[in-house]
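Just below is one structure, and these are the notes that go with it.
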2 protein chains.
Amino acid sequence: MVKNTGRPGYLQIADDLRTQIRGGSLAPGTPLPSTAQLAEQYDASLSVVKMAVGILRNEGLVIGQQGKGVFVADAGEAPAGDELADLRATVQDLSVRLAKVEEQLATSTTPRSGRSNQ
Amino acid sequence: MVKNTGRPGYLQIADDLRTQIRGGSLAPGTPLPSTAQLAEQYDASLSVVKMAVGILRNEGLVIGQQGKGVFVADAGEAPAGDELADLRATVQDLSVRLAKVEEQLATSTTPRSGRSNQ
DNA sequence: GTGAGCAACATAGTTAACCTAGTTGGCTTG
DNA sequence: CAAGCCAACTAGGTTAACTATGTTGCTCAC
């Protein structure tokens, strides 16, 4: 696969997967083959497959879960307006949670737990 | 640059450039600094910069011309869907980061709160 | 039988290296 | 002087390797 038309391989793979998803060949919730399997299937390198999956992930078509796999999202079925409302709700939820966290940090006087982030 | 806020470097750079473009700091038609310059400016590797530029290119915010450079596209060409995808990504990122902070607070202090996160 | 520990496998991110191809400007040559 | 060549710089694509982190299943000790 990934015949050498002028189109880059990672775009070809992304296109193919996108077609399968939109065509219903890959139903929502279905896990995609693993990166290694896709690489073998398309006769491409792991990097190219990762780039292709990254594109679909960025588009919201698939959702990658570290340690588990990449699953087909419910994209296409969710209208944009719905998503906007959902985003608003999520932002509101985040605001509340963040306020709580900030309050905990403020009230806990000198939390002597050396939590270095590095 | 590209501080370790948990957010991947290529997303941070893409965000920064996107902000500069939307903010008018980089006017349409303006060429972006070259890949090497951006890499030095953000203190990142060439690969990360290329990924960041690739995202913006995919979003239609910039247009790369091989041999010449990467130029800011006209503002009108970018559909609104891009911003929605960007918002979605940002919200997802915030959710993950906030969840981690909450987890740290829950484990370091009295672990009395049941987290229902799914 | 249950739980802890571990190995294997998964995505995700980063880096480095190499190659292709287009553009540009300077230099050489006729 | 002009045409053509060439070196340098550019974006773009590909590959390989490494690290980090999360999940899962198996094994082994208790």
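Given the structure is predicted, the values throughout are model-derived calculations rather than measurements. Chain A is the first sequence line, chain B the second, and so forth, proteins listed ahead of strands; every chain is numbered from 1.
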Using the 3.5 Å cut-off, write out each protein N or O paired with an N or O of nucleotides 7-12 of chain D and the distance between them.
residue, atom, partner, partner atom, Å
D:dT10, O2, B:Gly67, N, 3.3
D:dA11, OP1, B:Thr35, N, 3.2
D:dA11, OP2, B:Thr35, N, 3.0
D:dA11, OP2, B:Thr35, OG1, 2.8
D:dA11, N3, B:Gln66, OE1, 3.3
D:dG12, OP1, B:Arg57, NE, 3.3

Distance-only donor-acceptor test (3.5 Å): side chain A:Ser45, base D:dA16: no
Atom-to-atom span, CG of B:Asn58 to P of D:dG13 - whole angstrom: 11 Å
B:Gln65: partners by side-chain contact (heavy atoms from CB on, under 4.5 Å), with sequence neighbours left out: B:Lys68, B:Phe71
For atom CZ of A:Arg7 and atom C1' of D:dG13, their distance in whole Å: 13 Å
Whole-Å distance separating the CE atom of A:Met51 from the P atom of C:dT15: 16 Å
Non-neighbouring partners of B:Gln20 that pass side-chain hydrogen bond (donor to acceptor under 3.5 Å, both in side chains), sequence neighbours left out: B:Asp16
CA sep, side-chain torsions, deciding dist, call: A:Ile13, A:Met51, side-chain contact (heavy atoms from CB on, under 4.5 Å): CA-CA 9 Å; A:Ile13 297 178; A:Met51 290 178 69; over 6 Å; no
d(CD1, A:Ile55; P, C:dA12) in whole Å: 14 Å
Residues which pass side-chain contact (heavy atoms from CB on, under 4.5 Å) with B:Val70, listed by chain and number, not counting sequence neighbours: B:Leu32, B:Val53, B:Val62
Separation of C:dG22 C1' from B:Phe71 CZ (nearest whole Å): 12 Å
Atom-to-atom span, CG of A:Leu46 to P of C:dG13 - whole angstrom: 16 Å
Set of side-chain contact (heavy atoms from CB on, under 4.5 Å) partners for B:Ser45, sequence neighbours left out: B:Ser47, B:Val48
By side-chain contact (heavy atoms from CB on, under 4.5 Å) - contacts of B:Ser34 (at least two apart): B:Ala36, B:Gln37
